[in-house]
Amino acid sequence: MPEWRVFASADALVSELADALCAEAKTAIVAHGVFHLVLAGGSTPLALYRELATRQAGDARWHIWYGDERCLPADHPERNSVMAEAAWLAVSRIPPENRRPIPAELGAVEAAARYAGWLKAVADFDVVLLGMGEDGHTASLFPDHDWGDAPGSPDVLAVFDAPKPPPERVSLSAARLNRSRRAWFVVTGSGKREALLRWKRGEKLPVSVVRGRLETVVCLDQVAWPAGK
Ligand code: 6PG
């Protein structure tokens, strides 16, 4: 089971997570010269990305990947890459060639194939950031869909009929996300409580099959997980 860390507030969560991320980047760069970070989509990580921008986090040794993307035009405001670029990456010192959005504008099948090709050159990710939906989905791995957790699963999945719009998406598989040192989930807000309870009870959900080799941490605020729960 992952480690559950409940923070006093969403602000405290963001501040301590930014500390941990920058510290992990230093460790990775000392160890192997680069830091491979997978970004989460959705609205929850936005505050963290803004905090990283404020801290001017990142440089030419950082490599940015995405856990999933929505099949929308490259400049569409609902794209996870557009959100992360606007909140942090576009003002960072991370060179554009190190910031690799999923080319979801090409359609799920083509984009998944392209991204899988780019990922071949990458061993384990250092940190994977992930969100969670109210149904227990993470990245674009949804209940009643292939999570790509079986041995031999492809690294990147084309996703259709996703219950969260838009229906066509691209997602790293659970197997590829698990090739990471640290997996950090960021979950805030009351709407996620039921799914968190199901996860804690050991129900098999998309979130429950994604974990890091060294650690898996679920970062929660007290709205998502009230004290004493
Ligand atoms: C997406 C995300 C998705 C997200 C969760 C939580 O593209 O929608 O990658 O997995 O992390 O749905 O979304 P919120 O953070 O907006 O609640």
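Read the numbers this way: they start at 1 and go in the same order the structure lists the ligands and their atoms. When a residue number appears, it is its place in the shown sequence, counting from 1.
By the 6.0 Å contact criterion, CD on E110 is enclosed, its count of non-hydrogen atoms from other residues, nucleotides or ligands being greater than 12.
Ligand 1 lies within reach of A139, whose nearest heavy atom is under 4.0 Å from it.
For the pair T138 and ligand 1, the shortest N or O to N or O distance does not fall below 3.5 Å. Between S140 and ligand 1, not a single N/O pair is under 3.5 Å apart.
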Under 3.5 Å, which donor-acceptor pairs link side chains of residues 152-161 to any protein atom two or more places apart or in another chain?
from, atom 1, to, atom 2, distance (Å)
S153, OG, G148, O, 3.4
S153, OG, A150, N, 3.2
S153, OG, A150, O, 2.5

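Looking at heavy atoms from C-beta onward, V187 lies out of side-chain contact with W4 at the 4.5 angstrom threshold. Residues Y66 and R79 form no side-chain contact, since every pair of their non-hydrogen atoms from C-beta on lies 4.5 Å or further apart. Using a 4.5 Å heavy-atom threshold, the side chains of L119 and L172 count as touching. Side-chain contact check for V210 versus N178: some heavy-atom pair is nearer than 4.5 Å. Proximity of L48 to W184: side-chain heavy atoms (C-beta onward) are nowhere separated by under 4.5 Å.
No continuous path of ILVMFWY side-chain contacts below 4.5 Å connects I102 to V82, so the two sit in separate hydrophobic clusters.
In the candidate list G41, G133, S43, P206, S43 is nearest to atom 14 (P) of ligand 1, counting heavy atoms. Nearest-residue assignment for atom 4 (C) of ligand 1 (options K192, E69, K164; heavy-atom criterion): K164.
Here the heavy atom of the protein found nearest to atom 1 (C) of ligand 1 is R70 NH2, 3.2 Å. Given atom 5 (C) of ligand 1, the protein heavy atom at minimum distance is H137 NE2, 3.4 Å. For atom 6 (C) of ligand 1, the closest non-hydrogen atom on the protein side is M132 O, 3.4 Å. For atom 2 (C) of ligand 1, the nearest protein heavy atom (residue, atom name, distance) is D68 OD2, 3.5 Å.
Interface atoms of ligand 1 facing T44, defined by a heavy-atom separation under 4.0 Å, are 14 (P), 15 (O), 17 (O).
Proximity of N80 to ligand 1, defined as any heavy-atom pair under 4.0 Å, is confined to the side chain (atoms from C-beta onward).
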